[in-house]
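Structure first, then comments.
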Amino acid sequence: DGSYYAVEIEANPNFILDDTPHYFEVKDGQVTTLRLTNAARSGILIHKVDTSGEGIYGVTFLMYDDTNPPIGQQTTDDRGYAWFENLPAGRYYLRELENEGYIPDTQMKTVYAQSGETTLVEWENTPITGQIQVTKTSADYNSMNGWPAGTPIPNTEFEIYNAKTG
């Protein structure tokens with residue numbers, strides 16, 4: 001006879017550990033059954049893309065639950081994916097932090113994690129665009145063709161590279 005409690009110390013890797021004490025009574029000569037359920041692990045996968053569908057590297061996201069302070073932070077990999085794992089099922093909020101070269105999306109998004117499933121969020125950004133004008137000019141007077149210093153040189157070609165992606 002007596003009062004006892006059980007505490008889960010290890011769970012199946014596909015389920016979230018429930019380490020809260022569960023109290024029960026044992027009576028002499030009787031079988032006491034304690035039934036507990038574990039929530040399946042859930043996750044939220046963000047795919048951050050530009051308007052062409054290409055993944056955006058290095059974008060940081062903050063995750064919130066109903067308690068308001070951030071509960072997690074992840075940054076996108078080289079293919080534009082950020083992964084929040086081991087979440088209990090429920091409602092979460094995602095906020096994108098500023099990312100270089102794109103118009104920031106300051107709207108907080110509501111996302112629902114389903115028990116035992118991965119929720120995919122496609123999040124698109126519009127690149128900040130501009131123009132590049134390259135002018136090649138002669139440095140000095142050219143006695144071969146008579147061009148003075150600073151004359152634009154025709155038929156000059158340049159290749160432009162993205163500093164991050166090459």
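Note: hydrogens, waters and symmetry copies are ignored here, and every other heavy atom, side chains too, is used.
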Next on the checklist: Between L87 and M63, is there a side-chain heavy-atom distance shorter than 4.5 Å?
Outcome noted: yes
Next on the checklist: I'd like to check T151 versus N145 (side-chain heavy atoms, cut-off strictly below 4.5 Å). Are they in contact?
Outcome noted: no
Item to check | Single-linkage hydrophobic cluster L34~Y4, side-chain heavy atoms < 4.5 angstrom | outcome: yes
Item to check | Distance in Å, Q74 CD paired with L45 CG, rounded so as to fall on 0.5 Å steps | outcome: 10.5 Å
Next on the checklist: Quick check: do T119 and Y92 have side-chain heavy atoms less than 4.5 Å from each other?
Outcome noted: no
Next on the checklist: Could you check whether any side-chain heavy atom of D66 comes within less than 4.5 Å of a side-chain heavy atom of Y93, counting everything from C-beta outward?
Outcome noted: yes
Next on the checklist: Among E122, E124, R79, exactly one meets side-chain hydrogen bond (donor to acceptor under 3.5 Å, both in side chains) together with H47. Which residue is that?
Outcome noted: E122
Item to check | Shortest non-hydrogen contact from V59 toward L97 | outcome: CG1-O, 4.3 Å
Next on the checklist: Let me check something: do F158 and I132 share a hydrophobic cluster, defined by ILVMFWY side-chain heavy atoms less than 4.5 Å apart, either directly or through other members?
Outcome noted: yes
Checklist entry - Is atom OH of Y5 surrounded by more than 12 heavy atoms (other residues, nucleotides or ligands) closer than 6.0 Å? => result no
Next on the checklist: Within the structure provided, determine whether W123 and I56 are in side-chain contact (heavy-atom separation under 4.5 Å).
Outcome noted: no
Checklist entry - Does D1 reach the main-chain N or O of D28 with its side chain, forming a donor-acceptor pair under 3.5 Å? => result yes
Next on the checklist: Donor-acceptor check, side chain of S42 to backbone of G116, threshold 3.5 angstrom: yes or no?
Outcome noted: yes
Checklist entry - Quick one: does S138's side chain have a donor or acceptor within less than 3.5 Å of a partner on P148's backbone? => result yes
Next on the checklist: If you apply the rule side chain to side chain contact (heavy atoms under 4.5 Å, CB included), what do you find for W147 with I153, and how did you get there?
Outcome noted: CA-CA 9 Å; W147 291 350; I153 301 174; 4.3 Å; yes
Next on the checklist: Is it the case that the side chain of T51 and the backbone of T126 share a donor-acceptor pair, with hydrogens and angles ignored and the cut-off at 3.5 Å?
Outcome noted: no
Next on the checklist: In the structure I gave you, are the side-chain heavy atoms of Y81 and T76 within less than 4.5 Å of one another anywhere?
Outcome noted: no
Checklist entry - According to a 4.5 Å side-chain heavy-atom criterion applied to Ile, Leu, Val, Met, Phe, Trp and Tyr, with indirect links allowed, do V26 and Y23 form part of one hydrophobic cluster? => result no
Next on the checklist: Taking the side chain as everything from C-beta on, heavy atoms only, tell me whether T32 gets closer than 4.5 Å to K27.
Outcome noted: no
Next on the checklist: Is there a path of hydrophobic side-chain contacts, each under 4.5 Å between heavy atoms, that joins W83 and L94?
Outcome noted: no
Checklist entry - Measuring from T33:OG1 to F24:CZ, what's the distance to the nearest 0.5 Å? => result 10.5 Å
Item to check | Any side-chain heavy-atom pair of E8 and L36 under 4.5 Å | outcome: no
Checklist outcome for this item: In short, F15 meets N38 closest at the heavy-atom pair CD2-O, 3.5 Å
Item to check | Transitive ILVMFWY side-chain link I71 to Y64, under 4.5 Å | outcome: no
